[in-house]
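Ligands are counted one by one from 1 in listed order, and the atoms in each one are counted from 1 as well. FYI, side chains are in, hydrogens and waters are out, and symmetry mates aren't considered; it's all heavy atoms of this structure.
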Amino acid sequence: MPRYRVTTVGDITNQAVARKKISDPKRTADPATLDMLCRVEGTGTITAFDRYVAQQPQCNFGLTGVCCKNCIQGPCRITPRSEASGKGICGAADYTIVARNVARLIAGGTSCHSNHAFHVAETLLKVAEGKTQDYSVKDRAKLHAVAARIGLTVGSKSDLELAKEVALAALHDFSSHEHRPCVWLDTTITQGRRSKFKSCNIAPHAIDRAVVEIIDQTTMGMDADPVNIIFGGLKTALADYTGMHIATDLHDILFGTPRPVATEANLGAIDPEYVMIATHGHNPTLSEMVVEAAEQLAGEARAVGAKGIKVVGICCTGNELLMRQGVALAANKASQEMTVLTGALDAMIVDVQCIMPAAKVLSECYHTQFITTSASVKIPGSQHFDFREENALETAKEMVRLGIEAFGRRNPDLLRIPSYKNQAIAGWSLEALFELFGSVDAENPVRPLTDAILSGELAGVALFAGCNNLRVIQDASHLTVVKELLKNDVFVVATGCSGGAFAKAGLLSPGAYREYGGPGLQAFLGRLEGAATIGMPSVFHMGSCVDNTRAADLLTAMANQLGVDNPKVPFVASAPEAMHEKAVSIGSWAVALGLPVHVGVMPPVEGSPLVYGIVTQIAHDVYGGHFILETDPVLGAKKLLDALEYRSWKLRIHRAAAEKYDTALPANW
Ligand code: BF8
Ligand code: SF4
């Protein structure tokens, strides 16, 4: 059977250090973005694509992870030139420095997701306590399902009483002093993972504590053992998982669990006839209010000569709106500036994370109102609103009105809107997927999927996640890897900017599976399409980055159905263009959950062969999951397919043997 692990650093086919000279900034596979980059060429417009070129060559110490700035004696940069230069001033070796840097990336990602989740939990608590009238419990069924899962007694409690208990339980997971695993972790994983995390002592008991512990553990003069540091990093990553799961569950309770919805994606969705409002960032507590405000103020927009108000989304708040409201997704991360360059955005309203300050700078060349809303995100020169749940809708209306006013100041000479857009079917929460599979087996909706894998019709499941990273051509790696997997009959779910790349490229359009799927995938989705009311895409968009936990729930359901733990399930993950610290924390918890995780952009681990070995091999020996660090997308796809083949081959053999001899499925293979 195929080996699926790279065994030495020398086997890496393509490394982080850019050895090719890059001079052309037009590094995108998205036709709309390319169109825009061509249109603004020679106008003096500077975008991230130009700044990437200007940053070359990037520092090799940083790229390989051997630069330490954890105290102000540094920076210390490790080179093997002499014994003295091979260690930091304090004596920290390459493996200590690389491990510490990775762990701190995980801490950054965890802070982002969990702070977002904390705010959503506070919102739910305010709803329950009657402190805001602008939000409500929109999904009772989800509220009850979550309450039951985390062990609350539902009894005769009202929705608001139950919502209060759920919100308090979520907040408890941030700061609990009890030495038991976080509830949102413990109640969503397999028994096998529970035991594994306990035996390795990496189950966090409080999200906030996990972040404090890892920052402490990685300061000057603390932990020097790379294995212990990486285990600490995995504990933090599981705290990240916990926060993300809380965010997803509470979003669904407050705004509804997504169901399939038809919309469109890419810059062509920007319509100059309307007052155009872009929402950018992550938290739907803001963007949902903007959508509602826009609906209520459509008359005011018509009064200034527009056809109405159209909201479009950027990045993950765009994914949240795409999933629940069918709002068009204008851009993923690398094209966010392009939305401003259309000259048609009347306002860009942002909250938290992945907002490039450059978008504000570009907006100054247009009439676009750039509006910040979070106490932790202020961009100089922006209009800032103190957005609070207590008066959310009123504040959202004030912001939208700024857009309506700006509409009259548009300069028609600066309008340039690429026409590219594609239809997209999104909204595939796990509940929606199970409704779809339930059309074949209502009793056991995960079974159609696992049966199709056991029969060989499908090769397995892949989760595509993560960002754009300008080290590679925008969207190209996402598209190359996914097309290889689809044609080899892999059932693909996607989130975040990966989902955005697929939406823009037409992979979510109804019937797209017939164009991109292999014969097995076509047969599988063809059967489901017969029972569905909506055309099947080739990739199933599961939502924003926090919604990677929806895919983790699918993994747990598959493992339980197959009677094995996660590392034996033919399920892989890929972040072909990972960029953010959040991508590092997500990838790390996916490894701890037992998944092979492909990363298509080299993270800063090459400076220590030992750490490289830990994340690509030792992690596998301990958790059954490991990183596949492969920057060639075709090879990355091959390694993912090999990992799936290896798992499904073993699964089939052991199941066949257990059936033949009428024995239990063996546990240790
Ligand atoms: O949280 S995929 S660039 S938008 S970090 Fe950011 Fe990466 Fe996009 Fe969403 Ni996720
Ligand atoms: Fe240098 Fe050690 Fe300080 Fe890091 S912690 S900057 S290696 S002295």
Exercise. Decide yes or no on side chain to side chain contact (heavy atoms under 4.5 Å, CB included) for L463 and L554, but give the supporting numbers first.
Key: CA-CA 10 Å; L463 161 65; L554 175 62; over 6 Å; no
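The Q73 neighbourhood of ligand 2 comprises atoms 8 (S), with distances under 4.0 Å to a heavy atom of that residue. Residue-ligand proximity, H282 to ligand 1, at heavy-atom distances under 4.0 Å covers atoms 1 (O), 4 (S), 9 (Fe). Under a 4.0 Å criterion applied to the non-hydrogen atoms of G74, ligand 2 contributes the atoms 6 (S). In the vicinity of G88, heavy-atom distances shorter than 4.0 Å reach the ligand 2 atoms 7 (S).
Protein heavy atom at the shortest distance from atom 3 (Fe) of ligand 2 is C71 SG, 2.3 Å. Remark: minimum distance from atom 2 (Fe) of ligand 2 to any protein heavy atom is reached at C90 SG, 2.4 Å. Nearest protein heavy-atom contact of atom 6 (S) of ligand 2 is C68 O, 3.3 Å.
Put simply, the residue from N468, D30, T33, N266 that forms a side-chain hydrogen bond (donor to acceptor under 3.5 Å, both in side chains) with N332 is N468.
Look at R27 and E577 and you find no salt bridge, because none of the NZ, NE, NH1 or NH2 atoms lies under 4.0 Å from a carboxylate O. A salt bridge is defined here as a Lys NZ or Arg NE, NH1 or NH2 lying under 4.0 Å from an Asp or Glu carboxylate O, and E431 with K142 meets this definition. Under 4.0 Å is where a charged nitrogen must lie from a carboxylate oxygen, and between K582 and D240 no such pair does.
Less than 2.8 Å away from atom 7 (Fe) of ligand 1, the protein contributes these N/O/S atoms: C467 SG.
At a 4.0 Å cut-off, not a single heavy atom of M222 sits close enough to ligand 2 to count as contact.
In summary, the side chains of E389 and T285 do not present any donor paired with an acceptor at a separation below 3.5 Å, with no hydrogens or angles considered. Residues H245 and D553 bring a donor and an acceptor atom of their side chains to less than 3.5 Å of each other.
Between the side chain of E630 and the backbone N or O of H598, no donor-acceptor pair lies under 3.5 Å.
Of all heavy-atom pairs between H251 and P284, the closest is NE2-CD, 3.3 Å.
For atom 1 (Fe) of ligand 2, the N/O/S atoms of C76 include one lying under 2.8 Å.
A cation-pi contact links R77 to F61, judged by a cut-off of 6.0 Å to the six-membered ring centre and 45° from its axis.
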